[in-house]
Amino acid sequence: MANPRLRFAPSPTGYLHVGGARTALYNWLYARGRGGTLILRIEDTDADRSKPELTAAILEGLEWLGLDWDEGPYYQSQRLGLYRARAAELEQQGSAYPCFCPPELLREKRERAEAERRPWKYDRTCRQLSVDERARRRGEGRPSALRFRVPESGQTTFNDLVFGRVELANTEIEDFVLLRSDGQPTYHLSVVTDDLDLRVTHVVRGADHLPNTPKQVLMYRALGAPEPVFAHLPLILGPDKQRLSKRHGATAVEAYRRQGILPEALINFLALLGWTPRGGREIISLEEMIAQFDLAAVSKSNAVFDPEKLAWMNSEYLRRMPLEKLLPRVQAELEAAGLWNPVLTAAEKKRLEDSIRLLQTRARSLNDFSGSGRAFFSDDFSYSSEAREKFWKEPQLAEWLTELSRRLMDIHPFGLEQTERCLRGLAEEKGIRAGVLINAARVALTGQAVAPGLFELMITLGQQRVARRLEKAATDLRQAITGPLNEVKGTP
RNA sequence: GGCGCUAUCGUCUAGGGGUUAGGACGUCAGAUUCUCAAUCUGAAAACCCGGGUUCGAUUCCCGGUAGCGCUACCA
């Protein structure tokens, strides 16, 4: 097809969740790869459940992911006239009829059928009402919904790009409602109307819509309108194989953003949930995705969302990201944590950049910069208890660290080799393994048991700060030893 | 319940009438040593079950089972 037109049509009854994000992504990839147009449409015909702030959140989520659109957003709540016109057209040509059955009565019938374990479909009570009878009831002011007149026999078949040929006996399809008695359109009416009006050529959406598609196909045919190509996407499941929901923890795209996941990583991860690029490489650029993506290659089976793999992918992106791209993101992270200094000297800027470079090789998330990496951006950090227990065991450590601090102050230049020679020399003199000193110093400098290599870390932190922190650690160690004794003495 | 869809390692998947059934995440072991990550090497790990077609089925067909979806005057 020459210039495909696709749409992403979220309903603002919740935040943008990962399933919706993947649907948006697949639409976007297909459109971008084929010179197509992507339309954004907000399906807010359910006035009770739709909330404007949720629309805003969805838009923000899409923007954060970098998924832009060419037309819209259209709001279905502002296009009611269109739906009513389509409804009238269907009614005039006999493809739809008014139904006067009160909703309560229908509910009763349905419940009774369920209790008796009979399958229930609308019983078509109003299907063959005469013209006069309809006019009479309307004259009485009885409210009516508009129902689609489904053929009583035959099959409805369509070809789905993902699932292939799908067919359903028309006897399985009930006379569904197009227009509610309050004049509001239902989903089926509004999608078909809009997809027609917006000249949508490819309907790409979740597989939860697959069973309803025959109804829409019937509408296109009744209207004599060209049918779009359908592509239904398998669902994303939680680890228990249940449909992904709040119970599984983070489902909203926003939650991953807060967890320090990069949008690039989330996109890449989502792209792989149901689709495999040729060549087997899993970390691929957006350009490659666009070039390779094909709806026909999408998997038919549901996929379990694996947060572990996402975390891995995030660390890959973090590690590979060039500094100029990473810097603004780390800045945002540090700002949020109150660790950002807006005024930097050239030397401080260099130190900041070196710190980021050092941290990024082992970061799993953006949060690591303000979390375990805090000591690189602030003197106000604490020693993790795990680190102290693991590496601050030797009783003479305070003495050694003081000595190390002193000796390091005398080094010039303060370089990688010099600092290492200095520390190893001291270790040898004291008859201890260098590792003992290295690990203890790492805790003193970063507060962490896990951090970058010690000597790189020292260079990045700078001579003065290193000496100061070692000395402070020595002081803290001495206090930790004498402190409890004093307490004992002080207690009568 | 009815109808539909789906079924390859724990997870995401490649593959396809004859393969040592491939890769990735995760897991385990080893190398490295300065913690951790990275890296390298290695290992364990899968074709849901039963029939049929066929010289030969994981692959094709049918049935079963399981999972999911739909079954609203929600979307």
Side-chain angles (χ1 to χ4, degrees), chain A residues 9-14 43-46 48-50 76 99 101-103 106-107 110 113-114 116-122 143-147 160 162-164 166-169 171-174 176-188 190-191 205-214 232 234-235 237 239 241-243 269 272-276 278-283 299-313 315-316 319 361-364 372 387 390-391 420 423 433-439 441-443 446 448-455 457:
Chain A
S11 169
T13 52
E43 308 218 322
D44 56 353
T45 51
D46 184 344
D48 294 339
R49 296 199 305 147
S50 299
Q76 290 193 322
C99 167
C101 298
L106 291 175
R107 189 160 42 81
R110 189 184 319 124
E114 264 166 38
E116 291 166 18
R117 300 209 304 211
R118 278 184 290 113
W120 164 260
K121 279 196 305 290
Y122 172 59
S144 66
L146 190 71
R147 286 185 185 269
D160 189 281
V162 173
F163 286 91
V166 178
E167 44 183 31
L168 186 65
T171 50
E172 295 298 331
I173 307 173
E174 76 170 353
F176 52 97
V177 172
L178 297 171
L179 221 45
R180 292 181 258 249
S181 44
D182 63 1
Q184 294 289 314
T186 62
Y187 171 70
H188 297 297
S190 56
V191 247
R205 76 234 298 192
D208 45 344
H209 290 291
L210 193 59
N212 280 325
T213 305
H232 287 89
L235 267 19
L237 273 23
K241 304 272 181 89
Q242 298 288 303
R243 194 175 180 166
F269 174 76
L272 259 36
L273 229 45
W275 173 70
T276 317
R278 290 184 302 269
R281 268 183 323 107
E282 304 213 332
I283 308 264
S299 156
K300 285 197 266 278
S301 42
N302 295 342
V304 173
F305 187 93
D306 180 9
E308 276 298 321
K309 187 158 182 176
L310 172 60
W312 164 77
M313 194 160 275
S315 69
E316 288 290 317
R319 195 140 38 85
T361 58
R362 54 203 87 200
R364 296 269 289 175
S372 57
K390 197 167 170 194
F391 295 125
E420 178 154 11
L423 182 142
R433 285 188 308 110
V436 173
L437 222 44
I438 287 170
N439 289 326
R442 180 181 292 106
V443 179
T446 67
Q448 300 293 314
V450 174
L454 183 71
F455 304 106
L457 197 152

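Lettering follows sequence order; numbering is per chain, from 1.
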Between the protein and nucleotides 38-48 of chain B, are there any N/O to N/O pairs under 3.5 Å, and if so, what are the atom names and distances?
from, atom 1, to, atom 2, distance (Å)
B/rA38, O2', A/R319, NH1, 3.4

For A/F391, ring pair (Phe, Tyr, Trp, His ring centres under 6.0 Å) partners two or more places apart: none
Does any donor-acceptor pair link the side chain of A/T186 with the base of B/rC73 at a separation under 3.5 Å? no
State which residues pass ring pair (Phe, Tyr, Trp, His ring centres under 6.0 Å) with A/F455; sequence neighbours excluded, sorted by chain then number. none
Residue mapping more 5' on RNA chain B - nearest nucleotide basis, A/Y187 or A/K121: A/K121
Should A/R49 be listed as having a side-chain N or O under 4.0 Å from OP1 or OP2 of B/rA75? no
For nucleotides 3-8 of chain B, give me one character per nucleotide, 5' to 3': B if any protein heavy atom sits under 4.0 Å from the base, S if the only such contacts are to the sugar-phosphate, - if neither. SSSSS-
Given B/rU11, is OP1 or OP2 found less than 4.0 Å from the side-chain N or O atoms of A/K241? yes
Could you work out, with side chain to side chain contact (heavy atoms under 4.5 Å, CB included) as the rule, every residue matching A/R281, not counting sequence neighbours? A/I284, A/E288
Of the nucleotides B/rG10, B/rA75, B/rA24, which has the atom closest to the A/K309 side chain? B/rA24
Residues two or more places apart in sequence or in another chain: which of them pass side-chain hydrogen bond (donor to acceptor under 3.5 Å, both in side chains) with A/R49? A/D46
Return no unless some side-chain N or O of A/R281 is found under 4.0 Å from OP1 or OP2 of B/rU13. no
Check whether any side-chain heavy atom of A/P12 sits under 4.5 Å from a side-chain heavy atom of A/S50, and report yes or no. yes
Proximity of A/Y122 and A/F176 rings by center, below 6.0 Å: no
